[in-house]
Amino acid sequence: MITLTKEDGPADLDGVTHLSIGASWDPTAGSSGGVLGKMRRKTGTDLDLIAIAMQGGDPVRLAGLDSLDPLGNGSLIHSGDNQTGHGDGDDETVTVEFARVPSNITSIVFVAAAYKKGSAFQKARNISFKVYDATGGSTQQVADIWPSMLTQDNCCAVAKAIRVSGTWKLEVINVTGKVKQGDEHALMRFAVSK
């Protein structure tokens, strides 16, 4: 078992064959009460969990948004888009099967963003990113990453899986920033900088 914190630096993923990262959030009405507040809670906000497969310093594949299996072999799978945050547990999940990740992929950066216009971190509550050791079909949680509630940013670099001499390490990043909503290139530039 691994236990991850940002302060510990990259953790060896020895024995971990499958890793999952889940994003969860609850809809909020913000400062709106009454009918408007009820409508905002009902519609929720759309946060997106995205995994960006890197070849050296270049992003080459993106899991999330409209791409559920970007490597085409089931090694990097996105669960699909939850546009409201309603429901229990993780709202969106990305799972990596390390043995099947093509050898040219050197790292995978996990990012969460209020990517679509009109969505915002401020329109969500209890944002959490959970890291699971999913080896053998289990889902043992090894980290719970919470971004600051004070941020005015709309993007968070959550974690990064790094291939080192044929093995994988995972580093908790938990750094927020701003990206232009709806701009995939801005999102990828943000991920590359982490």
Side-chain angles (χ1 to χ4, degrees), residues 18-28 40 43-87 89-98 100-102 104-132 134 145-147 151-162 170-194:
H18 293 69
L19 185 84
S20 291
I21 305 242
S24 63
W25 66 96
D26 296 325
T28 181
R40 284 190 177 158
T43 59
T45 194
D46 187 6
L47 302 185
D48 293 292
L49 178 63
I50 300 152
I52 300 170
M54 307 286 289
Q55 182 174 301
D58 290 325
V60 293
R61 293 290 185 272
L62 185 140
L65 304 175
D66 295 329
S67 181
L68 303 183
D69 183 8
L71 297 175
N73 68 354
S75 63
L76 183 63
I77 298 290
H78 193 284
S79 63
D81 190 15
N82 179 321
Q83 297 183 359
T84 64
H86 287 288
D90 295 322
D91 296 305
E92 295 187 16
T93 306
V94 173
T95 302
V96 181
E97 184 179 347
F98 290 115
R100 295 176 69 190
V101 174
N104 62 313
I105 303 300
T106 55
S107 63
I108 301 168
V109 181
F110 301 91
V111 177
Y115 180 71
K116 296 176 184 89
K117 289 184 180 5
S119 60
F121 277 14
Q122 294 80 17
K123 293 182 181 177
R125 288 282 185 264
N126 305 324
I127 300 171
S128 178
F129 309 110
K130 291 179 175 53
V131 181
Y132 303 96
I145 303 165
W146 298 352
T151 185
Q152 296 295 310
D153 294 335
N154 65 342
C155 195
C156 180
V158 178
K160 182 177 187 176
I162 308 156
L170 188 73
E171 179 180 11
V172 174
I173 302 171
N174 196 14
V175 172
T176 61
K178 288 193 182 301
V179 298
K180 182 178 178 186
Q181 288 181 314
D183 185 339
E184 277 189 27
H185 288 116
L187 185 68
M188 288 185 275
R189 282 191 300 274
F190 175 76
V192 168
S193 71
K194 305 303 168 212

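Counting begins at 1 with the first residue of the sequence.
Side-chain contact between Pro59 and Val192 is present, with at least one heavy-atom pair separated by less than 4.5 Å. Counting heavy atoms from C-beta on, the side chains of Lys194 and Val111 never come closer than 4.5 Å. Under the 4.5 Å side-chain criterion, counting only non-hydrogen atoms from C-beta, Lys180 is not in contact with Phe190. Counting heavy atoms from C-beta outward, Phe110 and Ile145 have side chains that stay 4.5 Å or more apart. Asp91 has its side chain out of reach of Leu47: every pair of non-hydrogen atoms, C-beta onward, lies at least 4.5 Å apart. Counting heavy atoms from C-beta on, the side chains of Leu62 and Pro70 never come closer than 4.5 Å.
Taking all atoms of both residues into account, the shortest heavy-atom contact from Gln181 to Lys116 is NE2-O, 3.3 Å. In terms of heavy-atom proximity, Pro147 sits nearest to Asn174 at CA-OD1, 3.6 Å. Between Ile50 and Ile52, the closest heavy-atom pair is CG2-CG1, 4.0 Å. Scanning all heavy atoms of the two residues, the minimum distance from Tyr132 to Gly22 falls at CE1-N, 4.3 Å. When all heavy atoms are compared, the tightest approach of Leu76 to Ala53 is CD2-CB, 4.3 Å. Shortest non-hydrogen contact noted between Ala157 and Ile173 is O-CB, 3.5 Å.
Rounding to the nearest 0.5 Å gives a distance of 5.0 Å between NE2 of His78 and CG of Leu49. How far CG of Asp48 is from CG of Asp66: 9.5 Å, rounded to the nearest 0.5 Å. Taken to the nearest 0.5 Å, the CD1 atom of Ile105 stands 14.5 Å off from the CZ atom of Arg100. Atom CG of Leu170 is separated from atom CD1 of Ile21 by 5.5 Å, given to the nearest 0.5 angstrom. The distance from the NE2 atom of His18 to the OG atom of Ser75 is 10.0 Å, given to the nearest 0.5 Å. If you take CD1 on Ile108 and CG on Leu71, they are separated by 7.0 Å, rounding to the nearest 0.5 Å.
Distance alone, capped at 3.5 Å, places no donor-acceptor pair between the Asp153 side chain and the Cys155 backbone. Formation of a donor-acceptor pair under 3.5 Å by the Thr106 side chain with backbone atoms of Gly56 is found in this model. Asn154 places a side-chain N or O within donor-acceptor distance of the main-chain N or O of Val179, the cut-off being under 3.5 Å.
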